[in-house]
Structures are given as structure tokens and as C-alpha cells.
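Below you'll find the structure, written out as C-alpha cells, and then a few comments.
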Amino acid sequence: LIVFEPYYDSYAAGVLVAHGRLKPVRLREPDWSFDPDELETAVTSRTKVILLNSPHNPTGKVFTRAELETIAAVAIRHDLIVITDEVYDRIIYSGHEHIPIALLPGMWERTLTVNSTGKTFSLTGWKIGYAIGPSHLQDGLRGVHQFVTFATSTPFQVAMVEAMTTADERGYYDQLVVDYTRRRNLLANGLQQAGFDVLNIGGSYFLMASLQQDRFANDNELAKWLIEEIGVASVPPSSFYQEPWTAPFLLRFCFAKQDATLNEAISRLAKVRSWL
């Protein structure tokens, strides 16, 4: 399976269980673009799947139409399946557009789209979502689901249907973007005031930020120091790389929090300048 790196860490575990092998194609900051030639070169006779995540965790990247067309062309040319993780598809910021790759010409029959109400409706603990795709791909998914998850709670399913059915008429999706835009700006400003350089994002509720310093050897050391001395938790993105030591020196911050929590974090982060 080809995967764009950095990648959500559960992908590696799922592929390992299936006795597969991940072949990373690097996304490069600051805009997290990829080299089309690198994608083409990554395909071998053993390649079966391209694993796509857009909007992307951990970077917040939203793949452009041109990038998706490049990926689609490779998939069609080499007869590959695309499994696409679109769980942040409703958290898209101004100037960006989420385009499901399944809607591009020739892609429906080779695409399995996975989504989650956990992100869209803030039901993370319910662990309930859905998958859309052609019957021949659904058959494989259902065969695994039958003997792994089997079923989820019926009341959760009813609630999911109600939420998805009424969200548009209630203006929920628009308000979701408004709320997360405000939180994004709040945390981004706080990080910048604390001395961090914050990378732009197109979607999701994560910010990637760097800190100019020479005190820490890697992102793990900096993340640990932030917890112990500043009292703010982040995720070192090196955990999302097959070779962690090749990761850029960044931290991932989550702003899917209440305002009081974000404001407290910003207050604590203000101490960073004086400590370094």
C-alpha cells in the first residue's frame, strides 16, 4: 500500500495485521505537497492500494483537485484501489475545497471512502462511522467487519442517521466551520505570541508549529519538556513517520477543545519565551 507520509499511526498497525507493507510517499512542508514522480516510482508489481487521507492528519492539508487528478491517474494506469479517509471532510477552511476522489472520472469503481461521525458531530467516543463504495469493495469490508466489529450500538446508529439527515437544514455544517475557524485562530495566535511558527492548514482541527531553538535534539524532547515544564500537551509528528529521525522538527497541537481549555493553554504557552 502506498501512503502519504506523515500518516495517521493506526494505518501502519492495520496494514501490519493484514500482512501488508506500507510504501511512504513524502509530503513536504510548508504546503505538504508531493512529487508526482515519487508517487509513480513508488508503484511496483506488488502495489495494490493507495491510501489517501484528506483533509490530512496530522498536517491539516487538503489535497487540491490537481493533486487528486494526479493520484487518480496513477491508480487508473496501474489498476490500483484507493482507500480514502475523509473523516475531516466537513472541517474545511476558507480558500480550500474538499473534493472526494471517488467523484473524479473513472474512480468510483476503485475507491472505498471511509468517514466518521466522530469528527463531524463531536462523537469521538462513540466510534461510529460509515464507508461508501462499489459492491465489490464493500463485500471485502463487510467480510472483515462481520468477524471483527460485528455490530455497533443501535441507538448510536439511529443518532447518526438523525444527525446526518438534519444537519443541512439546521445549518450545522456551516456553524461547525465557524466554530473551528475561531478556535484555530485563537490557538494559532497564542502559539505565535509564544514564539512558534505556525503552518497554514486547509482542514481538520490540528495545527503544526515549529519553535526556533537549539536546546532540544528532536520533537520528542520538546514535547516532553512542554508537558513537564509548561503544562501543555502536543504530539511529536515523528511518530507519524516510518523513519522518525527524518521528520521535520514540528509539533502537532489540537484545538478541538473548549475555549476555557484553549485559553489556559495559551496562558501557559506564554512562558515558553522566558524558559528557552
Side-chain angles (χ1 to χ4, degrees), residues 1-12 14-15 22-36 38-40 42-43 47 49-76 80-121 124 129-133 137 141 173 176-177 180-181 184 199-208 235 237 240-242 248 250 252 254-256:
L1 297 86
I2 292 173
V3 63
F4 292 96
E5 185 182 53
Y7 50 82
Y8 182 47
D9 51 5
S10 75
Y11 297 164
V15 170
L22 281 182
K23 176 69 174 180
V25 170
R26 182 68 67 104
L27 300 175
R28 292 180 171 83
E29 71 282 1
D31 61 349
W32 302 105
S33 59
F34 67 92
D35 182 345
E38 185 179 348
L39 174 61
E40 181 69 38
V43 180
T47 307
V49 172
I50 297 176
L51 183 54
L52 174 66
N53 175 207
S54 182
H56 184 262
N57 179 10
T59 68
K61 173 186 175 61
V62 176
F63 283 72
T64 65
R65 179 178 291 275
E67 289 174 325
L68 294 173
E69 288 173 345
T70 296
I71 296 167
V74 171
I76 293 170
L80 306 178
I81 293 169
V82 174
I83 300 175
T84 176
D85 175 352
E86 301 182 10
V87 300
Y88 300 101
D89 67 334
R90 294 290 183 173
I91 308 175
I92 303 291
Y93 302 111
S94 177
H96 299 270
E97 179 187 13
H98 171 67
I99 303 169
I101 196 171
L103 300 184
L104 296 186
M107 289 305 296
W108 167 257
E109 288 301 313
R110 63 179 67 254
T111 303
L112 186 65
T113 302
V114 181
N115 212 315
S116 168
T117 57
K119 316 304 181 187
T120 303
F121 297 103
T124 307
Y130 55 94
I132 300 172
L137 296 182
L141 177 64
Y173 295 133
L176 183 73
V177 173
Y180 272 123
T181 298
R184 178 201 63 182
L199 276 65
N200 291 325
I201 60 170
S204 84
Y205 44 61
F206 301 111
L207 287 175
M208 298 277 270
V235 173
F240 301 117
Y241 285 80
Q242 198 170 77
L250 297 164
R252 190 196 74 173
C254 176
F255 53 91

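Nearest heavy-atom pair across H96 and I201 is NE2-O, 3.9 Å. P55 approaches S204 most closely through the heavy-atom pair CB-N, 4.1 Å. P58 and F206 make their closest contact through O-CB, 3.9 Å (heavy atoms, listed as atom of the first residue, atom of the second, distance). Residues S33 and E67 approach most closely at CA-OE2, 3.9 Å, considering heavy atoms. Across every non-hydrogen atom of Y130 and S116, the tightest pair is CE2-N, 4.5 Å. The minimum heavy-atom distance between V177 and I92, with the atom names listed, is CG1-O, 3.4 Å.
H56 places a side-chain N or O within donor-acceptor distance of the main-chain N or O of P6, the cut-off being under 3.5 Å. Without hydrogens or angle criteria, D9 side chain to Y11 main chain gives no donor-acceptor distance under 3.5 Å. Listed for the E5 side chain is a donor-acceptor partner under 3.5 Å among the backbone atoms of Q242. For the pair E86 (side chain) and T113 (backbone), a donor-acceptor distance under 3.5 Å is absent.
Here L207 contributes atom CG and R252 contributes atom CZ; the two are 10.5 Å apart, rounded to the nearest 0.5 Å. The line from NZ of K119 to CG of N57 is 7.5 Å long, rounded to the nearest 0.5 Å. To the nearest 0.5 Å, the span separating CG on L27 from CZ on F63 amounts to 5.0 Å. Atoms CZ and NZ, from F4 and K61 in turn, are 9.0 Å apart once rounded to the nearest 0.5 Å. For the atom pair S54 OG and Y88 OH, the distance stands at 12.0 Å (nearest 0.5 Å). The CG atom of L112 sits 12.0 Å away from the CG atom of L52 when rounded to the nearest 0.5 Å.
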(message) If you apply the rule side-chain contact (heavy atoms from CB on, under 4.5 Å), what do you find for T47 with K23, and how did you get there?
(response) CA-CA 9 Å; T47 307; K23 176 69 174 180; over 6 Å; no
(message) Evaluate T120 against Y173 for side-chain contact (heavy atoms from CB on, under 4.5 Å), listing each step before the verdict.
(response) CA-CA 8 Å; T120 303; Y173 295 133; 3.6 Å; yes
(message) Run the side-chain contact (heavy atoms from CB on, under 4.5 Å) test on E69 and L104 for me, step by step, so that the C-alpha distance in whole Å, both residues' side-chain angles and the decisive distance to 0.1 Å come before the verdict.
(response) CA-CA 7 Å; E69 288 173 345; L104 296 186; 4.1 Å; yes
(message) Evaluate I2 against V43 for side-chain contact (heavy atoms from CB on, under 4.5 Å), listing each step before the verdict.
(response) CA-CA 8 Å; I2 292 173; V43 180; 3.6 Å; yes
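Counting heavy atoms from C-beta on, the side chains of E40 and V74 come closer than 4.5 Å. The shortest distance between side-chain heavy atoms of L39 and F34 falls below 4.5 Å.
The aromatic rings of F255 and Y93 sit tilted, their planes meeting at an angle between 30° and 60°.
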